[in-house]
Structures are given as structure tokens and as C-alpha cells.
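Take a look at the structure below.
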2 protein chains.
Amino acid sequence: MHISTKTEYAVRGLAELAMHDSKNPISIVEICAKQNLPQKYMEQLFRKLKKAGLIKSIHGAKGGYLMNQDLNTISLGDIMKAVDENLAQKYCEEDSPHREFCIGKPCGFHTLWNEIEEHLHEYFDSIKLDEILKKIIKKQYLEI
Amino acid sequence: MHISTKTEYAVRGLAELAMHDSKNPISIVEICAKQNLPQKYMEQLFRKLKKAGLIKSIHGAKGGYLMNQDLNTISLGDIMKAVDENLAQKYCEEDSPHREFCIGKPCGFHTLWNEIEEHLHEYFDSIKLDEILKKIIKKQYLEI
DNA sequence: GGGATAACATAGTAATTTAGTATGGATTGG
DNA sequence: CCAATCCATACTAAATTACTATGTTATCCC
């Protein structure tokens, strides 16, 4: 039960992207240089973020990535869902080895795990990228 | 970001234990039979639960496990901490490869992840075993 | 006391996931 | 055309997870 590095890297990358001049694309190479992240890995993550509609890209030389949404419409949950595929878990499903040992139908454990997941999703969805940025930038100014 | 099977199994086992006659110990073998869980694996988990003080054991024939606390003092968080060791994560620590790329000191990301972890811990600590039991038993009665 | 039962302890292994690398193709600016 | 950059997929290495195996110690009951 922890934040995956995929999520951590994606947030770091998006933070750099968001702090960058919004008129000009920033390349993966530049983002990785600034945050010391593995380039090819980040390429994969950023393609997923694009697929999810959070960012957009410009091909070729002088290309790179740009934000595709307002920062206050992108949540940590969106980022996690985009990069960290098997986020949702199915409990007590047909193929579960404990299916026949479920207590009640729907199984009480099933219900419990689903309620927990729901809470977690709501929580992560409530944390928006603009708040994250504010937090980071504020820290930055306070210390420099 | 999901509930580990360790946690799931531990909760299932504890539920059986809690529903069992509190005067007589119940063995791992019996618990595993009721919930179709791997015995040796459960032994390990139950030893951890004992080490954490949630349950107690009686050696030898006719032995087994008993609860060691009131159900309303045991939280899902306690269970997770007991069985799922590396729950706590350290971000932006000395040995992190991104240490020098942290933004601000303390790093804004660091602060963010820690706040998130804190929220998660508070949440899991708020879910008590008695509530879990009530939920399961209620379901059971409704359906039988 | 001896055998059965059950907790205790640790080592080993198999499966899965995570994190990352490698290789190459497609697109664009200059 | 060529360098920069995104796109796509396959592969691999490391770590974690989920077990299994083997044996020990403690207790009950005959």
C-alpha cells in the first residue's frame, strides 16, 4: 500500500511540464535531465498520460509535450489511473479461490474491500495537480 | 495501491477467530479449512499478528489462537502494519536517486507523499474489526 | 511416557509485478 | 537530408509476493 514509482515519476514529470513555459513544448530528455529520471521509462509513462488525455505532444525536432488540461482538472487519481494500470482490484470474483468461502452474497469482505477502494479513489481524485504545484513552488520560494 | 493478500487473509482469519467461541482456541487448520487458505502461510501471518499483540496462542494439542484485544481496539491499520511489513515508505531520503533533484528542503514531493501516507494510515486506523464483523455478519443474515 | 496435535521458526522456491533497457520506426524543423 | 523527438514493442533484471518444505517445541490425552 504505497505510491508506486510510476506515479512518483509521472508527478515529477508533470510538475516540470507544468512549470515550463506553456507555449513551448518540453522534451522528455529535458524533463528527465531536470529530475534525474530514466528516459525510456518516462517515455512510456508520458505516452500513457497522453493516451489518458492529460497531456498532448508535438512530434519531431523542437517537439515535446504540453499540458492538455487545466491543472485544477487533473487529479493524482487521474495520474495513477493513467500510468499504474492494475489499480482496480476485483475481490471475490468468479475466479477467486475464496469465492465459495465468501460470507454472504455479495460477500461481506467483497463489500468491505470495495468500499475501501472507493474511499481511496475519491481521496486521490480530490488531490489536484495545481495544489501539488502550489505546495512544491511555495516550498521552493521559502527555501531559496 | 491495493489491499495485499496478506491483509486480506489476515482479516479473513481474524474474522473466523472473532466469530469463534472466545473461550476455546481455534487452530490454524480449522481457520484455513473454513476460509480455504494456505495453512503454512497463515501460520506465518498469525505469528505476526501475535507478535503485534492482536491475538494470543495456546501451544500443543487442543491449542490454537484466541483474540487478545477487544474487537473495537483492533483496526485494519493495525492488521496491515502487523502482516504487511514494509508499509511505510521513505521518500526523498538520503539514499534516494532523486535526492538532489528535490524541489525545496524539505522537498515538496517528500511533503506531499508523506501527507498522503498519513491520510491513508489515519483512514485504515479508523476501520475497526468490530465494524468489519458487523458488516459481514449482517450480510450473512440478510442472505441466509 | 508416548503419540497426536498444534504452535513456532526458518529456509527455500515459484509466480508475479515492477522498473528499467534495447531496438527500431515515424514525424518534424532546419 | 539529418538531427531531434515522439511512438511502439520486446526484452530483461530486480524486487516483491505468495507460497512450500522441513523440522522443532509445547501440550493434551491415553
Side-chain angles (χ1 to χ4, degrees), chain A residues 1-10 12-13 17 20 24-33 35-52 54-66 68 80 82-90 95-98, chain B residues 1-10 12-13 16-17 20 24-33 35-52 54-68 80 83-89 95-98:
Chain A
M1 181 62 60
H2 53 79
I3 303 290
S4 72
T5 51
K6 277 179 191 173
T7 297
E8 191 195 335
Y9 288 5
R12 282 178 179 275
L17 175 49
H20 189 257
N24 294 316
I26 179 173
S27 73
I28 287 289
V29 171
E30 192 174 345
I31 288 171
C32 290
Q35 287 285 333
N36 195 34
L37 298 165
Q39 181 193 333
K40 285 295 182 183
Y41 196 46
M42 284 301 278
E43 283 187 15
Q44 292 171 31
L45 300 183
F46 263 54
R47 251 175 281 135
K48 287 180 181 177
L49 294 173
K50 185 193 171 184
K51 209 169 176 181
L54 308 187
I55 58 177
K56 58 191 171 190
S57 67
I58 294 175
H59 268 73
K62 300 286 175 187
Y65 286 96
L66 294 164
N68 192 40
M80 293 170 78
V83 298
D84 222 348
E85 49 272 343
N86 51 357
L87 201 64
Q89 238 181 339
K90 296 294 172 203
D95 55 344
S96 165
H98 312 295
Chain B
M1 181 63 59
H2 54 79
I3 304 291
S4 72
T5 51
K6 278 180 190 169
T7 296
E8 191 195 335
Y9 287 6
R12 283 177 178 274
E16 285 296 339
L17 175 50
H20 189 257
N24 295 313
I26 179 172
S27 72
I28 287 288
V29 170
E30 193 175 343
I31 288 172
C32 290
Q35 287 284 331
N36 193 35
L37 297 165
Q39 181 194 334
K40 286 294 184 185
Y41 195 46
M42 284 302 277
E43 282 186 16
Q44 293 171 25
L45 299 184
F46 263 53
R47 252 175 279 135
K48 287 181 182 178
L49 294 173
K50 184 192 172 184
K51 209 169 177 183
L54 309 187
I55 59 178
K56 58 192 172 190
S57 67
I58 294 174
H59 268 71
K62 299 286 174 183
Y65 287 96
L66 294 164
M67 296 304 303
N68 193 40
M80 292 170 78
V83 298
D84 223 351
E85 49 272 342
N86 51 357
L87 203 62
Q89 239 182 338
D95 55 345
S96 163
H98 313 295

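Bear in mind that the values here come from a model prediction, so they are computed numbers and not experimental data. Naming: A, B, ... by sequence-line order, numbering from 1 per chain.
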Rounded to the nearest Å, what distance is computed from the [atom1] atom of residue [X] to the [atom2] atom of nucleotide [N]?
| X | N | atom1 | atom2 | result |
| --- | --- | --- | --- | --- |
| A/Leu17 | D/dC6 | CG | C1' | 14 Å |
| B/Gln39 | D/dA21 | CD | P | 12 Å |
| A/Leu45 | C/dT21 | CG | C1' | 14 Å |
| B/Tyr9 | D/dT17 | OH | C1' | 11 Å |
| A/Glu43 | C/dA19 | CD | P | 18 Å |
| A/Lys50 | D/dC6 | NZ | P | 10 Å |
| B/Tyr41 | D/dT16 | OH | C1' | 10 Å |
| B/Leu49 | C/dC8 | CG | P | 11 Å |

Practice prompt. Would you indicate which nucleotide in C/dG20, D/dC29, C/dG29 comes nearest to any side-chain atom of A/Lys62?
Written response: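 Closest nucleotide among those given: C/dG29.
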Discussion item. Which nucleotide wins on minimum distance to the side chain of B/Ser27, given the candidates C/dG29, C/dA6, D/dA18?
Written reply: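 When the side chain of B/Ser27 is considered, C/dA6 is the closest of C/dG29, C/dA6, D/dA18.
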Worksheet item: So does A/Thr5 get a side-chain nitrogen or oxygen closer than 4.0 Å to the phosphate oxygens (OP1/OP2) of C/dA19?
Response: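 For C/dA19, OP1 or OP2 has a side-chain N or O of A/Thr5 closer than 4.0 Å.
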Worksheet entry | Phosphate-side-chain proximity, B/Ser57 and C/dA6, N/O vs OP1/OP2 below 4.0 Å |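 Answer no for this pair, as no side-chain N or O of B/Ser57 is under 4.0 Å from OP1 or OP2.
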For [X] and [Y], work out which heavy atoms get closest and say how close.
| X | Y | value |
| --- | --- | --- |
| A/Lys50 | A/Lys56 | CG-CA, 4.4 Å |
| B/Leu45 | B/Tyr9 | CD1-CB, 3.9 Å |
| B/Ile28 | B/Met42 | CD1-O, 4.0 Å |
| A/Tyr65 | A/Leu17 | O-CD1, 3.3 Å |

Discussion item. By the 4.0 Å heavy-atom rule, please label B/Tyr65 as base, sugar-phosphate, or nothing.
Written reply: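 Result for B/Tyr65 = sugar-phosphate.
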With a 3.5 Å cut-off and just heavy-atom distances, do the side chain of [X] and the base of [N] make a donor-acceptor pair?
| X | N | value |
| --- | --- | --- |
| A/Gln44 | C/dT21 | yes |
| B/Arg47 | C/dA7 | no |
| A/Lys40 | C/dG24 | yes |

Discussion item. Checking the side chain of A/His59 only, and the main-chain atoms of A/Gly63 only, is there a donor and an acceptor separated by less than 3.5 Å?
Written reply: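 Checked: no pair found.
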